[in-house]
Amino acid sequence: MERTTQRMIEIPRDVMTDEELWQPGVLSCQGCGASLALKLALKGLGRRTVVVVPACCMSIIAGPYPYSASQVPFLHVPFETAAAGASGVRAALDIRGEEDVVVMAWAGDGGTFDIGLQALSGAAERNDDILYVCYDNEAYMNTGIQRSGATPAGAWTTTTPGEAVKEEPKKDIEKIMLSHGIPYMATASVAYPADIYTKFRKIRSIKGTKFIHILSPCPPGWQIDSADSIRVSRMATQAKVFPIYEVEDGRYTINVYPEREVTVKDYVKAQGRFRYITDDVVNAAQELADRKWEELTGMVE
Amino acid sequence: MRQLLKGNYAVAEGAKLCRVKVISAYPITPQTTIVERLSEICANGELDAKFIKVESEHSAMATLVGASSAGIRAFTATSSNGLLLMHEVLHWVAGARLPIVMSNVNRAVSGGWNIWADQTDSISQRDTGWLQIYCESSQEVLDSVIMAYRLAEKIMMPVMLTYDAFFLSHTTEVVDVPDIERVDEFLPPFQPEYKLDIDNPRMFGGLISPDYFYEHRYTIHKASLEALEYYPEVCREFRDIFGREYDITEEYRTDDAEVVVVTAGTITSVVRITVDKMREAGKKIGLMKLRVFRPVPIDRWRNVLGNVAKVVVIDRNLSPGLGGVFADEIQSALYPLENRPSIYPVVAGLGGRDVTPADIEGIINHALSSDDPAGAPLFWGLKQ
Ligand SMILES: Cc1ncc(C[n+]2csc(CCOP(=O)(O)OP(=O)(O)O)c2C)c(N)n1
Ligand SMILES: [Mg+2]
């Protein structure tokens, strides 16, 4: 596999703070997207933020008692309650007159696509003034790599074992969230850190339910080398498997246009979890990616 | 001010008087009128609180986890299936030491829908760490909400007060509704030592290794037991301000009693009448009403029941394969006593089956006439 040279990323240095609200020494694996994404998100959000985290890798990464990696208040809650917990914190902070403090639920794909979807839908339907972030590593990683509604077709997990890989495609969480009519929905990827930073800065001034879906590589779960986690994440966007865009009050913007020809086949070939994917599934995934990209570009015009 | 109130409205009044700031609840029969009433007073400004209309009881309790962690007084109400749906979060709330107060209307648990009085719902949550207080009248319900916050916020533990479906939730009684200024005097604003605070960022509820978890659980146990020390003080202060007496248990004509009937909830009123009647006929019957069931007031139970010849425990709940849970716990509490009484466990009134004074008399007479409590519960009124 050829390695592409990373393009220089334009980080808006005039505004980028040196302040680290996410401390080193966390318990993440090497190449973990979740921890990196949270670090970038907090840089964008700043100190006036409260984080609510359900069961997921982040429950561990953030540090065991009596340690904490976070320089902002951090509330752990049960697996399916990130959105509800955040709504409660929101209500309380409003009562305390701290309306400007951002309440961010930070959940995995399992806590979002599956077990927490009901509470998330409830909060979005009420348009509670919270930011809900799903860092998506495409499986239940904390419990040791089991399939979730976010696992793509053709992927191995311990519950889609051996050659009996997952057959169903990934759930379209973005459409689900947009159908709630929320004011802001975006995707992001740790391969595009400046974009993450910009988006999290932006949402500070948006009232109502904001949803950000971040592709978050997991070297052990994706069976990739930890040194490759950014490269593989970048391929997902280049191959249009994970486009980076945002929808503000119904207005679509594509934030990252693929710069080179990367196929779905290239993308899956780069990961051990797709070892047993069939050509049919790859072709179907390619078709799906092309169709969705067309849909998306159509929304922008 | 004296008002005519159903149990559910008494609860809503109690929450209002405590100036709760966040409410999150989901309707279920027979709790629904609490949700409706609280929605109404939040909407019309009578109560300055945010009511979060969640999509489930699970989210209701989870929402309060957020609100209470941020140092705001929080309230919810539920019943039966709703309480069961909360189960996971109930444990969480106690583990997080959040002084949330909840009222539960005791309703049978399904399958096989039944919306009527049965205490199996709250009983099945006895191991969650929530303090449990059983109520008998609308006045007691209202007063118990006020005392519950005082207790909860002192020992930083959640309190559930619970009362029977329809017999109390939907029955109108005269209730003395205290002035809110007096309640303010009794119940100071909620100011926890730690809360979500951007000026003092801390982590709440994270991973606890085996090196610490055991001690963490033990402190919860200790905090629960503290309620036995502190609740009598709460009751005394409440009496001094509002003139009404409450306690961990209530004893009625137990002093020279040869048989003491133990009950919780509205069956208590029926037993009280029956005790009077049987006393007139010269039978030495007494009553011990359970109020605080978690923590277990073991010394109190031993003091009241330790020297009685026979104790009849009436359970409007059933743990299949065991029997009534109150009887089971009272039996274990009394077991170490040398002169322990004979215990007559009785299950009655499940799923709202009426328990009349005649039933109680029958139950007591059964105990009087038998010298050999079988240990197995008597299923009173069971149709063949
Ligand atoms: C009610 C409940 N069911 C199951 C679990 C076990 N559990 C903890 S984390 C987790 C998977 C989390 O997956 P995801 O949300 O994708 O986050 P990740 O671990 O991948 O970061 C599971 C199944 C739990 N904590 N609570
Ligand atoms: Mg995951």
Side-chain angles (χ1 to χ4, degrees), chain A residues 21 27 46-55 58-96 98 100-103 105 115-116 118-126 128 130, chain B residues 20-24 26 48-74 76 85-93 95-96 98 100 190 194-213 215-216:
Chain A
L21 297 175
L27 296 182
R47 267 187 195 280
R48 296 188 70 78
T49 304
V50 173
V51 183
V52 179
V53 170
M58 192 52 70
S59 339
I60 314 301
I61 294 171
Y65 174 85
Y67 302 104
S68 168
S70 177
Q71 298 294 298
V72 298
F74 207 95
L75 177 68
H76 292 270
V77 295
F79 194 13
E80 59 287 68
T81 68
S87 293
V89 175
R90 170 79 282 150
L93 292 180
D94 287 352
I95 288 160
R96 279 162 46 176
E98 298 175 46
D100 69 304
V101 171
V102 172
V103 181
I115 200 166
Q118 173 180 323
L120 171 57
S121 176
E125 182 267 331
R126 295 188 303 271
D128 284 349
I130 59 170
Chain B
V20 301
K21 287 279 181 285
V22 170
I23 299 166
S24 189
Y26 191 82
D48 180 21
K50 168 119 176 108
F51 192 144
I52 306 175
K53 317 274 165 61
V54 283
E55 85 306 324
S56 70
E57 289 87 352
H58 196 281
S59 285
M61 191 50 78
T63 301
L64 298 192
V65 168
S68 187
S69 300
I72 293 295
R73 189 172 286 160
T76 190
L85 187 59
M86 287 178 181
H87 179 70
E88 178 198 26
V89 196
L90 296 184
H91 278 282
W92 193 282
V93 166
L98 299 173
I100 296 168
F190 175 40
Y194 301 107
K195 61 176 186 238
L196 294 168
D197 180 0
I198 51 159
D199 294 324
N200 182 15
R202 286 171 180 274
M203 182 165 290
F204 296 82
L207 182 68
I208 309 180
S209 72
D211 282 345
Y212 298 98
F213 191 77
E215 286 70 23
H216 166 63

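Values below: all heavy atoms of this structure, side chains included; hydrogens, waters and symmetry mates excluded. Proteins get letters first, then strands, A, B, ... in listed order; numbering begins at 1 in each.
Once rounded to the nearest 0.5 Å, the distance linking CG of A:Asp128 with CD1 of B:Ile52 reads 6.5 Å. To the nearest 0.5 Å, the span separating CG on A:Asp94 from NZ on B:Lys21 amounts to 13.5 Å. Atom CD in B:Glu55 sits 9.0 Å away from atom CD in A:Glu125 (nearest 0.5 Å).
Of the residues considered (A:Glu98, A:Arg47, A:Gln71, A:Arg126), A:Arg126 shows the highest number of contacts with chain B, using heavy-atom pairs under 4.5 Å. Each of B:His216, B:Arg202, B:His91 has some count of heavy-atom pairs under 4.5 Å with chain A, and the biggest count is that of B:Arg202. Between chain A and the options B:Lys53, B:Met61, B:Glu88, B:Lys195, heavy-atom pairs under 4.5 Å are most frequent for B:Glu88. Taking A:Ala86, A:Ala62, A:Ser70, A:Ala123 one by one and counting their heavy-atom pairs under 4.5 Å with chain B, the maximum is reached by A:Ala62. Ranked by heavy-atom pairs under 4.5 Å with chain A, the first of B:Val89, B:Val22, B:Ile208, B:Asp197 is B:Asp197. Options A:Gly122, A:Ala82, A:Ala69, A:Gly85 differ in how many heavy-atom pairs under 4.5 Å they form with chain B, and the most are formed by A:Gly85. Contacts with chain A were tallied for B:Gly66, B:Ala96, B:Ala60; B:Gly66 has the most, counting heavy-atom pairs under 4.5 Å.
Both the backbone and the side chain of B:Ser59 come within less than 4.5 Å of a heavy atom in chain A. Heavy atoms closer than 4.5 Å to chain B are found in the side chain of A:Val101, but not in its backbone. Contacts of A:Leu75 with chain B are made by both backbone and side-chain atoms, with heavy-atom separations under 4.5 Å. Looking at B:Leu64, neither its backbone nor its side chain comes within 4.5 Å of chain A, counting heavy atoms on both sides. With a 4.5 angstrom heavy-atom cutoff, A:Gln118 touches chain B via backbone and side-chain atoms both. For A:Ser121, no part lies near chain B; criterion is any non-hydrogen pair under 4.5 Å. In this structure, chain A has a heavy atom under 4.5 Å from the side chain of B:Ile72, while its backbone stays farther away.
B:Leu196 approaches A:Pro73 most closely through the heavy-atom pair CD2-CB, 3.9 Å. The shortest heavy-atom contact between A:His76 and B:Gly205 is CB-O, 3.1 Å. A pairwise comparison of heavy atoms in B:Leu207 and A:Ser59 identifies CB-O, 4.1 Å as the closest pair.
A donor-acceptor pair under 3.5 Å is formed between the side chain of A:Arg96 and the backbone N or O of B:Ala70.
When side chains are defined from C-beta on, A:Thr81 counts as touching B:His58, because their heavy atoms get closer than 4.5 Å. In this structure, the side chains of A:Pro66 and B:Tyr212 come closer than 4.5 Å at one or more pairs of heavy atoms.
When the side chain to side chain donor-acceptor pair (under 3.5 Å) test is applied to A:Asp100, the partners found at least two apart in sequence or on another chain are A:Arg48.
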